[in-house]
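Take a look at the structure set out below.
Please read all numbers here as calculations on a predicted model, not as lab measurements. Below, each value reflects all heavy atoms present in this structure, side chains not excepted, and no hydrogens, waters or symmetry copies. Every chain is numbered from 1, with letters handed out A, B, ... down the list of sequences.
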Number of protein chains: 2
Amino acid sequence: MAAKKRSKGLVIPQGVVSRLPIYYRHLLDLRSQSVERISSAQFGEAVGCTAAQIRSDLSHFGSFGQQGYGYKVSDLLRQLEKILGLTRTYSAVLVGAGNLGKALASYDSFREQGFVINAIFDVDPVLIGNYHSGKVIRPFKDLPAYLKKSKCDMAIVATPKEAAQEVVDVLVEGGVDSIWNFAPIHPVVPRGVLVENIQLTDSLLRLAFYMNARDN
Amino acid sequence: MAAKKRSKGLVIPQGVVSRLPIYYRHLLDLRSQSVERISSAQFGEAVGCTAAQIRSDLSHFGSFGQQGYGYKVSDLLRQLEKILGLTRTYSAVLVGAGNLGKALASYDSFREQGFVINAIFDVDPVLIGNYHSGKVIRPFKDLPAYLKKSKCDMAIVATPKEAAQEVVDVLVEGGVDSIWNFAPIHPVVPRGVLVENIQLTDSLLRLAFYMNARDN
DNA sequence: TAGATTGTTAATCGATTAACAATC
DNA sequence: TAGATTGTTAATCGATTAACAATC
């Protein structure tokens with residue numbers, strides 16, 4: 001049975017993982033339009049891939065469809081929520097309260113998805129003590145003590161490049177094992193610590209590449 | 001000759017394009033450490049791929065190394081700047097002056113890379129007329145007129161989900177053919193218009209997936 | 001020259017797609 | 001039941017890697 005593969009430790013290909021959030025988003029759309037069922041063919045059409053890919057991707061996690069019918073939107077949505085781990089909440093700390101950090105702290109859709117920022121840290125004395133989205137900005141030096149007291153499922157790193165590795169080290173030292181990193185580096189972490197990087201500049205450079213390639 | 005393939009219209013695989021910014025970033029690092037030469041083996045080691053992949057990726061664009069020596073950092077950097085289109089500047093408009101838009105407007109590394117935001121637009125009467133990073137926030141309804149007067153190489157879309165497609169339509173109508181989109185949709189655009197999406201939530205969901213998978 | 005390392009070709013690997021028996 | 005569509009297997013496609021002749 002396909003779902004068993006997971007617990008056997010079989011890895012899910014990266015490509016599959018990248019598509020799951022797309023599927024999930026589309027299912028939310030379908031639900032909001034009160035669509036009850038969808039076939040893999042319709043689904044593929046909507047998200048821009050083949051029906052076979054939809055079915056094959058989902059089969060990594062189990063059998064969620066019904067022959068001759070397709071998938072029930074509400075069922076598949078519930079399954080994807082389970083797969084993506086959206087049936088619980090996540091407590092987070094944010095390090096870096098510059099413009100980007102502030103933007104992330106006040107981004108509602110994260111909270112709606114169950115990610116709650118419980119504390120904000122920065123080194124800048126000008127920022128420390130200020131309130132942002134209902135939270136006081138704390139001095140970075142208090143981070144280790146904070147992590148000792150408070151459970152923290154993940155950290156958001158939105159510092160400048162230069163500070164990022166040190167920040168990650170302090171977080172890992174404090175027991176944080178999942179990091180969402182916006183600094184333009186690939187932080188080095190011990191095995192077992194997850195890092196998901198958002199490289200804004202890389203994305204911009206890809207766009208520049210394609211602009212350039214088109215014009216040539 | 002490999003470089004010729006480009007002008008013949010041969011497409012560069014997505015994977016290659018995604019790695020170019022990583023290579024570029026590492027070369028900047030090397031230069032700042034005054035490293036003069038590097039072999040594909042050292043390079044691969046540093047960025048986490050094989051030597052063969054480095055050489056194969058670069059060979060899509062030409063022959064930049066020297067047998068028995070490797071690559072001269074300054075030369076390869078110059079070549080990558082050309083490939084990525086970083087030898088010119090790009091004029092941009094920003095639509096959406098919320099927290100994320102403001103963060104992007106004041107993100108120095110974009111300007112350093114040659115991307116200059118010339119105008120900021122929003123629909124919110126509270127924001128219109130305010131200044132941010134030296135630019136006045138203009139009413140969105142003035143965007144078409146602005147695009148008629150002013151050259152614009154690309155647009156940054158940092159609006160809520162609901163507004164994004166309409167904004168993209170207005171931009172495309174106004175002649176903008178490259179869009180850096182931060183709204184959580186895949187905008188529909190005519191052929192020939194480039195869209196690079198940054199899906200913050202998708203990235204967060206991938207992290208959640210891996211957290212969940214690890215704990216099971 | 002001898003040693004090192006490229007650019008490229010061939011071999012391998014993995015991911016995507018097409019096809020179809022199973023079955024709702 | 002007949003029609004539709006799944007989950008999965010086999011075929012295809014493309015990307016990565018290993019190997020090596022070319023050569024600095």
Quick note, side chain to side chain donor-acceptor pair (under 3.5 Å) partners involving residues 40-49 of chain A, not counting sequence neighbours, are A:Ser39-A:Gln42, A:Ser40-A:Arg55

Atom-pair distance (NE2 on B:His60; P on C:dT8), nearest Å: 11 Å

Name the nucleic acid region contacted by B:Gly15, choosing base, sugar-phosphate or nothing; use a 4.0 angstrom heavy-atom cut-off, strictly under. nothing

Go through B:Asp122 and B:Phe140 one step at a time and tell me if the side-chain contact (heavy atoms from CB on, under 4.5 Å) criterion holds. CA-CA 5 Å; B:Asp122 204 298; B:Phe140 177 67; over 6 Å; no

Can you measure A:Leu58 atom CG to D:dT5 atom C1' for me and round it to whole angstrom units? 14 Å

Footprint string (nucleotides 19-24 of chain D, 5' to 3'): B base within contact, S backbone only, - free, heavy atoms under 4.0 Å: B--BBB

What's the CD-P distance between A:Gln42 and D:dT5, to the nearest Å? 7 Å

If you measure from CG on B:Asp57 to SG on B:Cys49, what distance do you get to the nearest 0.5 Å? 7.0 Å

So B:Arg19 and B:Gln53, side-chain contact (heavy atoms from CB on, under 4.5 Å) or not? Walk me through it. CA-CA 10 Å; B:Arg19 287 186 292 271; B:Gln53 181 150 77; 3.4 Å; yes

State the dot-bracket string of DNA chain C. Criteria: Watson-Crick or G-U wobble, both atom distances under 3.5 angstrom; notation: ( ) intrastrand, [ ] crossing earlier pairs, | interstrand, . unpaired. ..||||||||||||||||||||||

To the nearest Å, how far apart are A:Gln53 CD and C:dA15 C1'? 8 Å

Within 6.0 angstrom of A:Lys151 NZ, more than 12 heavy atoms from elsewhere: yes

Please confirm whether the shortest side-chain N or O distance from B:Tyr71 to OP1 or OP2 of C:dA4 is below 4.0 Å. no

Do B:Tyr23 and B:Phe43 make the cut of ring centroids closer than 6.0 angstrom? yes

Could B:Arg37 and B:Tyr69 be counted as a cation-pi pair, given that NZ or CZ must be under 6.0 Å from the ring centre and within 45° of the axis? yes

Using atom CD of B:Gln14 as one end and atom C1' of C:dT16 as the other, report the distance to the nearest whole Å. 14 Å

Sequence neighbours left out, what pairs pass ring-ring contact (aromatic ring centres under 6.0 Å, His included) with at least one residue falling in residues 153-180 of chain B? B:Phe110-B:Trp180, B:Trp180-B:Phe182

Please round to the nearest 0.5 Å and tell me the distance separating atom CE of A:Met154 and atom OH of A:Tyr90. 9.5 Å

Calculate the interatomic distance between B:Phe43 atom CZ and C:dG7 atom P; express it in whole Å. 13 Å

Do any N or O atoms of the protein come closer than 3.5 Å to N or O atoms of nucleotides 10-14 of chain C, and which pairs are they?
none

Rounded to whole Å, the CD1-C1' distance (B:Ile12 to D:dA15) equals 14 Å

Would you indicate what B:Phe64 reaches in the nucleic acid, counting non-hydrogen atoms under 4.0 angstrom: base, sugar-phosphate, or nothing? sugar-phosphate

So does B:Ser56 get a side-chain nitrogen or oxygen closer than 4.0 Å to the phosphate oxygens (OP1/OP2) of D:dT16? no

Residue list, salt bridge (charged side-chain N to carboxylate O under 4.0 Å, His left out) with B:Arg78, at least two apart or on another chain: B:Asp75

Salt bridge or not between B:Asp29 and A:Lys161? Use side-chain N to carboxylate O under 4.0 Å. yes

So, is B:Thr50 near the phosphate of D:dT16, with a side-chain N or O under 4.0 Å from OP1 or OP2? no

B:Leu76 has an atom CG; how far is it from atom P of C:dT6, in whole Å? 11 Å

If you round to the nearest 0.5 Å, how far is CG of B:Leu94 from CD1 of B:Ile156? 5.5 Å

